[in-house]
Amino acid sequence: MTQRRTVVLADLHLVRQTPRDVTADLARFVEAHAGDRVVVAGDLFDLSSESPSMPRPRALREALFAHPAARVAFAEHLDRGGELWLSGGNHDVEVGAPEFPAALAEALGVSGEARARIRTTPWFFREGAIHIEHGHLYDPDNAPAHPLVVGERSLGVHFVEEFIAPTGAHRYLQANDQAPLSLFLSAFTWYGPRAPYVIYRYFHAAIGAMLKSGPLYRARGEVTVGAAVVERFAHELGVPRAMADDLLGLAATPTLESAASTFTRLYFDRVIATLSMGAGIAALGLGARETGAAAIGLGALLMGVSWANGHNRYAGTVAERLAESAGRVARTTGAKLVVFGHTHRETLGDGYANTGSFSFPRAAPGRPYVEIEGSAEAPRAVSRFWRANAAA
């Protein structure tokens with residue numbers, strides 16, 4: 001990474017409906033980094049929410065052709081000697097498929113040497129002491145059974161396909177670290193008359209997730225399938241097989257592997273408690289005092305136990321998990337700089353950087369990304385923010 005400037009961004013979630021200001025800024029960003037190595041650390045696309053049933057090559061083409069400025073910028077970047085590296089994320093796991101580079105090159109209209117400057121990985125990039133990946137492998141709700149297998153959907157992707165895509169409730173993608181009650185109340189503010197349908201689809205997706213969890217979890221066999229290709233992956237990446245095996249040992253256990261974990265993650269205990277108290281109040285209204293009091297008491301007990309285990313079981317945990325996992329990756333593999341995306345929260349620490357989301361900056365003074373300075377053996381990360389008219 002000493003011969004080219006390297007910039008890393010992530011979580012653009014491109015679909016046909018992506019706002020034009022996002023893709024206009026993306027195009028200007030790519031144009032401003034002519035000749036550089038542009039690394040997208042996962043979720044360049046959001047093929048899972050675009051149209052779950054649409055064939056992925058078609059979804060890719062339609063997402064790109066819906067944003068001609070970005071498509072042209074990527075094509076010209078490659079034609080003029082720039083590099084484009086893409087790692088698969090939980091929303092565009094297909095990026096790591098062997099046939100994806102050719103499909104992307106065709107969609108961009110590039111060939112020859114330009115096509116050769118497209119590089120993709122289903123898992124991570126490694127150059128010297130620099131380690132770059134999306135980071136969803138360390139998030140139980142979005143971790144695959146195996147990072148080298150395009151297989152069963154994680155809990156997070158299940159909700160995108162079964163809840164976000166049918167309802168168009170894309171605001172929930174940026175608010176998924178809130179407790180369900182606050183999200184349900186927000187539905188009425190965000191979606192007005194459609195709120196009841198949005199809430200119905202949430203429960204539809206939640207029940208569907210329960211029916212895919214625990215004994216019904218179908219991805220267990222993917223571990224064996226993935227193990228058979230780890231050697232080839234490590235060889236192609238140019239890293240020891242032992243490094244890949246060690247990293248596999250750091251992966252989170254997918255939430256769907258456990259019915260109990262899925263049940264509590266979806267706050268079904270609080271749903272049952274609320275329904276119990278509601279039924280008790282109704283029973284009191286009908287004169288069934290003993291039954292009503294018992295139902296209210298049971299509901300209150302369940303709610304109390306649930307709240308004793310934490311009001312919001314999710315807030316902040318993804319960012320914390322990834323920061324901790326970055327430290328383990330560094331200690332396990334000798335990496336001096338670990339760069340993740342996935343959290344949509346930019347972070348810069350000792351040996352760890354998170355790009356944040358280029359499309360959905362939170363409190364950032366622009367669209368966040370990371371620039372890697374120094375050499376591959378002595379790298380350092382710098383947080384940068386792209387504005388509409390200038391880089392900062």
Side-chain angles (χ1 to χ4, degrees), residues 42-43 48 87-93 96 121-124 131 133-162 176-177 179-180 205-230 233-234 241-269 306 309-310 312-333 338 340-344 352 354:
D43 288 355
S48 56
S87 70
N90 52 306
H91 289 281
D92 60 0
V93 63
T121 180
W123 185 1
F124 65 91
H131 182 100
E133 64 176 295
H134 186 58
H136 62 295
L137 184 64
Y138 312 104
D139 171 12
D141 287 351
N142 289 286
H146 197 285
L148 299 181
V149 178
V150 179
E152 290 293 321
R153 298 173 294 178
S154 65
L155 179 64
V157 174
H158 167 83
F159 264 84
V160 170
E161 295 191 2
E162 300 297 332
N176 61 4
D177 55 358
I207 293 170
M210 287 301 305
L211 296 176
K212 295 181 178 181
S213 67
L216 302 176
Y217 183 59
R218 297 179 295 183
R220 301 182 196 280
E222 293 173 13
V223 174
T224 302
V225 175
V229 297
V230 170
F233 168 79
R241 164 68 186 266
M243 178 185 290
D245 288 336
D246 289 342
L247 287 169
L248 283 170
L250 302 178
T253 300
T255 300
L256 288 176
E257 276 199 19
S258 166
S261 296
T262 305
F263 184 88
T264 55
R265 172 64 185 93
L266 297 175
Y267 291 84
F268 270 122
D269 50 344
S306 177
N309 290 325
N312 188 343
R313 298 167 182 159
Y314 199 66
T317 58
V318 175
E320 293 163 1
R321 280 180 182 274
L322 263 66
E324 294 168 359
S325 296
R328 288 193 288 269
V329 169
R331 291 189 296 272
T332 300
T333 69
V338 177
F340 290 155
H342 186 59
T343 68
H344 293 200
Y352 169 56
N354 195 294

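Being a predicted model, the structure only gives us computed values, none of them experimental.
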Thr262 versus Arg265, side-chain donor and acceptor atoms under 3.5 Å: no
Any side-chain heavy atom of Val329 within less than 4.5 Å of one from Tyr352? no
Here the pair of heavy atoms bringing Gly156 nearest to Asn142 is CA-OD1, 3.4 Å
Minimal heavy-atom distance between Ser87 and Trp123, with the atoms involved, is CB-O, 4.3 Å
Heavy-atom closest pair (Leu266 atom, Ala206 atom, distance to 0.1 Å) is CD1-O, 3.6 Å
Distance check, rounded to the nearest 0.5 Å: Glu324 atom CD versus Leu250 atom CG? 12.0 Å
Hey, does Asn90 have a side-chain heavy atom less than 4.5 Å from the side chain of His342? yes
How long is the straight-line distance from CG of Leu322 back to OG1 of Thr343, given to the nearest 0.5 Å? 6.5 Å
Write down the atom of Pro122, the atom of Leu148, and the distance for their closest heavy-atom approach. CG-CD2, 3.6 Å
Can you tell me if Ser258 uses its side chain to pair, donor with acceptor, with the backbone of Thr255 under 3.5 Å? no
Quick check for you: to the nearest 0.5 Å, what is the distance between Leu155 atom CG and Asp139 atom CG? 9.5 Å
Any side-chain heavy atom of His131 within less than 4.5 Å of one from Leu247? yes
Looking at every heavy atom in both Ala219 and Ala145, which two are closest together, and how far apart are they? O-CB, 3.4 Å
Between CG of Asp141 and OG of Ser261, what distance do you get to the nearest 0.5 Å? 9.5 Å
Using modelled atom types and a 3.5 Å cut-off, is there a donor and acceptor pairing between side-chain atoms of Asp43 and backbone atoms of His91? yes
All heavy atoms of Glu257 vs all of Thr253, minimum pair found to be OE1-CG2, 3.5 Å
Residues at least two apart in sequence or cross-chain that pass ring pair (Phe, Tyr, Trp, His ring centres under 6.0 Å) with His136, listed by chain then number, are His134
Could you tell me whether the side chain of His158 and the main chain of Ala205 form a donor-acceptor pair under 3.5 Å? yes
Sub-4.5 Å side-chain heavy-atom contact between Val230 and His146: yes
Compile the donor-acceptor pairs under 3.5 Å between side chains in residues 210-217 and protein atoms, sequence neighbours left out, one pair per line.
residue: Ser213; atom: OG; partner: Met210; partner atom: O; Å: 2.8

Quick check on the 6.0 Å ring-centre criterion: do Phe124 and Phe340 meet it? no
